[in-house]
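The chains referred to below are lettered A, B, ... by the order of the sequence lines, with proteins before strands, and numbering in each begins at 1.
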2 protein chains.
Amino acid sequence: MRQRVDGRKVRGERRRTEIIEATLRVIERDGVAGVTHRTVAREAGVPTTSTTYHFASLDDLLIATLISCARDMATEVYWMIDRARSRGSRGAEEVANLLAEALGPRRGRTMAEYELYLLAARRPELRPAARRWLDVLTSMVRHDDEVAFRVFLAGIDGLLIQGLIDDEPPTAEELRPVVDYLLKPR
Amino acid sequence: MRQRVDGRKVRGERRRTEIIEATLRVIERDGVAGVTHRTVAREAGVPTTSTTYHFASLDDLLIATLISCARDMATEVYWMIDRARSRGSRGAEEVANLLAEALGPRRGRTMAEYELYLLAARRPELRPAARRWLDVLTSMVRHDDEVAFRVFLAGIDGLLIQGLIDDEPPTAEELRPVVDYLLKPR
DNA sequence: ATGCTACCTGAACGATAGTCCCAAAATATC
DNA sequence: GATATTTTGGGACTATCGTTCAGGTAGCAT
C-alpha cells in the first residue's frame, strides 16, 4: 500500500534522470551537436518518443542536462575543497591532481561542461545554473581577499580550457608549478 | 597579360573569403549550431551550392573559418601587445580595456572564438590553429619566467569565459584590479 | 467490471539538412 | 575565334530532424 502514488512518480522521475544521464553521455562523446531525440533515446535504451514525452522540447532537455551537470560539478568541487582543507595543506597538490584528472580520464566530461557553459553564454536562463559551481566555491572562502580568489577561479578555468586543446593532456607534475604560482599570495 | 592566372585565382579566393566571413557572422549570431550550407549562403548572398563548391564539406568550412578567425585574433593580439609596450606601461590598463571590449561590444565575436576553441578540443587537426594566438603571445615575451606567463594566459582565458556568463558585461574599471593582481609578480 | 488517470510507445508528418547533378556563364588557353 | 577549364546557380534526391498523434498499458477509486 505504502505510497503507490509516490512509487509511480518515482518511476517517472527515474526515466527522466536516465534520459538526462544519457544526454550527458552523448555530449561527452559527440558534443552538443550530437544531441538529438533519437541519439539520446538510443543511448538511454528507450523509444524515441520517450524523450519528447518527458521533455517538452530538445531545448528543455539540454537545459535540464546543464542544470544537473552543474549541480554534480558543484557538489564535487565542494567535497574536493573540503578534503583539501581537512588535510591541512594549502591544496596546491590537490588542485593539480584534480586538473590532471579533468584533462585526462575525465576529459569528455570536462568538454561537456564547457560546451554547456558556452550554451549558457547564449541563453540567459541557463546562467544561474552555469554559475553555480563558481558560487559554491565563492561561498566557501573568506571574503577578505576577493580579488585574489577571482584570479584563482579564472586561472583554473583558463588552465582547463587550454588543456583541452593540448595534443596530450598535461600531467599533475607539469601542472604543479603553475598551480603553485597561481596560489602564491602577492 | 599580366598574370591572368593570378587574377582568376584572386576572384575565386574572394568568394571563399566572403563565405568564410559570412560563416563567422552566422556563428556570432546563432552559434556553431546555426551554421548550415543554406544559412551561410543566405548570409553571404550566394546560392546554396556555392558553399559546397568552394568547401568539400561543412566540416571544411568550419575548419577554414576557425583558421581564419584564429589568424585574425593572433594579429590583433600582436598589435595590442605591441601598442601596450610602446606606451611603456606595464599594460594592465590596456589589458583591462581589451577584456571589457571583448565582453561588451565584441561579445558575439568572443563567443564565436570560444565555440571554435571547443571545436578544436574535439578535432586534433584544428588544434594548431586554435593555439596560434597563444603561440603569438608566447613568442613575444621573454622565456625567463614561463610559469608566470602561463598563469597570465590562463587568467585571461578564464576571465573571458566567466565574463560571457555574466548577466551584464563587466566594465574596464571592475576588471582593472583583477588584471592588476594577475600581472603582479610574486 | 468500469471508468479515470498517468505513463508509455509505434507510426508518421512536415520541415530541413547535406550533398549531388547538370547546364549556363565566365574565364583562360590555344 | 574556337576550345578547354573553372566558376556559378538552379533543382532535386535522400536522410534525418523535431514533433505530433492516436492508441496501448498499468495502477487506482468507484
#### Entry: Non-neighbouring partners of Arg107(A) that pass side chain to side chain donor-acceptor pair (under 3.5 Å), sequence neighbours left out
none
### Message
How about CZ on Phe149(A), more than 12 heavy atoms from neighbouring residues, nucleotides or ligands closer than 6.0 Å, or not?
### Response
yes
### Message
Do the side chains of Glu115(A) and Arg122(B) get close enough for a salt bridge, i.e. N-O under 4.0 angstrom?
### Response
yes
Could you go through nucleotides 14-19 of chain D and list every protein N or O atom that sits under 3.5 Å from one of its N or O atoms, giving the distance for each pair?
residue	atom	partner	partner atom	Å
dG18(D)	OP2	His37(A)	N	3.0
dG18(D)	N7	Arg38(A)	NH1	2.8
dG18(D)	O6	Arg38(A)	NH2	3.0
dT19(D)	OP2	Leu58(A)	N	3.2

### Query
Between Arg127(A) and Asp166(B), is there a salt bridge with N-O shorter than 4.0 Å?
no
### Query
So, Asp180(A) and Lys184(A), do they make that salt bridge, N to O below 4.0 Å?
no
### Task
State, without any angle test, whether Thr39(A) and Thr36(A) hold a side-chain donor-acceptor pair at a distance under 3.5 Å.
yes
### Query
Is Arg106(A) salt-bridged to Glu76(A), going by a charged N under 4.0 Å from an acidic O?
yes
### Query
Choosing from dC8(C), dG9(D), dT6(D), which nucleotide comes nearest the side chain of Pro47(B)?
dG9(D)
### Task
Find the bend of the helix from dA1(C)-dT30(D) to dC30(C)-dG1(D) as the angle between its two terminal axes (five pairs each), to the nearest 10°.
0°
### Query
Taking atom C1' of dA26(C) as reference, at what distance in whole Å does atom CZ of Arg15(B) sit?
12 Å
### Query
Are Leu116(B) and Leu126(B) connected in a single hydrophobic cluster, I mean Ile/Leu/Val/Met/Phe/Trp/Tyr linked by side-chain heavy atoms less than 4.5 Å apart?
yes
### Query
Rounded to the nearest Å, what distance is computed from the OH atom of residue Tyr53(B) to the P atom of nucleotide dT5(D)?
13 Å
### Message
Any side-chain N or O of His54(A) below 4.0 angstrom from OP1/OP2 of dC7(C)?
### Response
no
